[in-house]
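Residue numbering restarts at 1 for every chain, and letters A, B, ... go by the order of the sequence lines.
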Number of protein chains: 2
Amino acid sequence: MHKSGLVGFIIDCQTDDLDQAARFWAGALRLPISEAGLSPNPKYRKLAPGPGGMNIEVQKVDHPSRVHLDIESTDIEAEAKRLESLGARRVSRVEGWIVMEAPTGHRFCVVPARAPS
Amino acid sequence: MHKSGLVGFIIDCQTDDLDQAARFWAGALRLPISEAGLSPNPKYRKLAPGPGGMNIEVQKVDHPSRVHLDIESTDIEAEAKRLESLGARRVSRVEGWIVMEAPTGHRFCVVPARAPS
């Protein structure tokens, strides 16, 4: 049986200045931009872990700004099927994760479970 | 000096059936609707606490669905001023909290700090 659960959220920002956006959210949430925030992927800035170690990132996007939730799973295909049975639909597969849409209209992602720390 | 920090998020749902919306998110996140979810305010359903005790609620709204973050503070006025200095603006005061808009366009709320448990 696969496992899954809320692992964090991504603050999607329609912006030309990702660093400025990340600085605002780091200040607002009092979660400094982590060194890992200087990731090789120039679309993301990672903040310090949130409550319970939650993963919080600021992403540069072309669509209107929003917050999207990330669900992690030890088996993202099985998890996507479980979520479909609850009423969600698949939107696309991007790199290593699956983009889904809730029956309430929210987009969210199913991502591979992090390695235990 | 006041304190503040991320306390949780609200899943705002443009829906005629709040219970159905809450059931989806409770199932998706594996966070059951809490007994406190049957709150006197018919617009909200509270889920079991998220990672780190985060407060997660499903709200019925009239605007398009979105997720909004809640920042708690021991002094919401001082916190709103701090956030304004970072570039946010006040939108409105609703009941006991302050609705703000980030420079990235996201709406979020500043809410009174929870009593220590």
Side-chain angles (χ1 to χ4, degrees), chain A residues 3-15 17-18 20-31 47-56 58-61 64-73 79-80 82-88 100-108 110, chain B residues 3-15 17-18 20-31 47-56 58-61 64-73 79-80 82-88 100-108 110:
Chain A
K3 293 183 180 174
S4 65
L6 175 68
V7 68
F9 57 82
I10 311 294
I11 304 173
D12 293 331
C13 299
Q14 191 180 41
T15 179
D17 191 336
L18 176 60
Q20 189 176 54
R23 278 196 299 273
F24 170 78
W25 283 107
L29 303 178
R30 298 188 193 268
L31 298 173
L47 304 188
M54 281 188 77
N55 186 61
I56 303 176
V58 179
Q59 180 181 198
K60 174 174 163 50
V61 297
S65 290
R66 64 184 174 212
V67 173
H68 82 250
L69 304 181
D70 275 351
I71 293 173
E72 70 173 354
S73 177
E79 178 64 4
R82 186 184 78 87
L83 292 160
E84 284 173 327
S85 77
L86 295 175
M100 302 195 74
E101 186 172 289
T104 50
H106 302 77
R107 294 285 172 100
F108 63 97
V110 181
Chain B
K3 293 183 182 174
S4 65
L6 174 68
V7 68
F9 57 82
I10 311 294
I11 304 173
D12 293 331
C13 299
Q14 192 180 41
T15 180
D17 191 336
L18 176 60
Q20 190 176 52
R23 278 196 299 273
F24 171 78
W25 283 107
L29 302 178
R30 298 188 193 267
L31 298 172
L47 304 188
M54 281 188 76
N55 186 62
I56 303 176
V58 179
Q59 179 182 198
K60 174 173 162 50
V61 297
S65 290
R66 65 185 173 210
V67 173
H68 82 250
L69 304 181
D70 275 352
I71 292 173
E72 70 173 353
S73 177
E79 178 64 5
R82 187 184 77 86
L83 292 160
E84 283 173 326
S85 77
L86 295 175
M100 301 195 75
E101 186 172 289
T104 49
H106 302 77
R107 294 284 172 99
F108 64 98
V110 181

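- Annotation: maximal heavy-atom pairing with chain B below 4.5 Å, among A/Leu29, A/Val58, A/Ile56, occurs at A/Leu29.
- In this structure, chain B has heavy atoms under 4.5 Å from both the backbone and the side chain of A/Leu6.
- The part of B/Ile71 that comes within reach of chain A is its side chain, from C-beta onward, which places non-hydrogen atoms under 4.5 angstrom from that chain.
- Highest contact tally toward chain A, considering only B/Leu31, B/Thr15, B/Val110, B/Asp12, is held by B/Asp12 [criterion: heavy-atom pairs under 4.5 Å].
- Of the inter-residue distances, the one linking B/Leu69 atom CG with A/Phe9 atom CZ reads 4.5 Å to the nearest 0.5 angstrom.
- Chosen from A/Gly5, A/Gly27, A/Pro64, the residue pairing most often with chain B at heavy-atom distances under 4.5 Å is A/Gly27.
- For the side-chain contact (heavy atoms from CB on, under 4.5 Å) test, residues two or more places apart in sequence or in another chain that qualify with A/Arg107 are A/Arg66, A/Arg89, A/Val91, A/Val99, A/Glu101.
- Nearest heavy-atom pair, B/Val7 versus B/Glu72, reported as atom, atom and distance to 0.1 Å: CG2-OE1, 3.4 Å.
- At a 4.5 Å heavy-atom cutoff, A/Asp17 makes no contact with chain B through either its backbone or its side chain.
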Given side chain to side chain contact (heavy atoms under 4.5 Å, CB included), test B/Glu84 with B/Met100 step by step and report yes or no.
CA-CA 9 Å; B/Glu84 283 173 326; B/Met100 301 195 75; 3.8 Å; yes
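- Here A/Ser4 is the residue among A/Gly8, A/Ser4, A/Gly87, A/Gly105 with the most heavy-atom pairs under 4.5 Å with chain B.
- Neither the backbone nor the side chain of B/Gln20 has a heavy atom closer than 4.5 Å to any heavy atom of chain A.
- Residue B/Phe24 holds its CZ atom at 9.0 Å from CD1 of B/Ile11, rounded to the nearest 0.5 Å.
- For A/Arg23, the side-chain hydrogen bond (donor to acceptor under 3.5 Å, both in side chains) criterion is met by no residue, not counting sequence neighbours.
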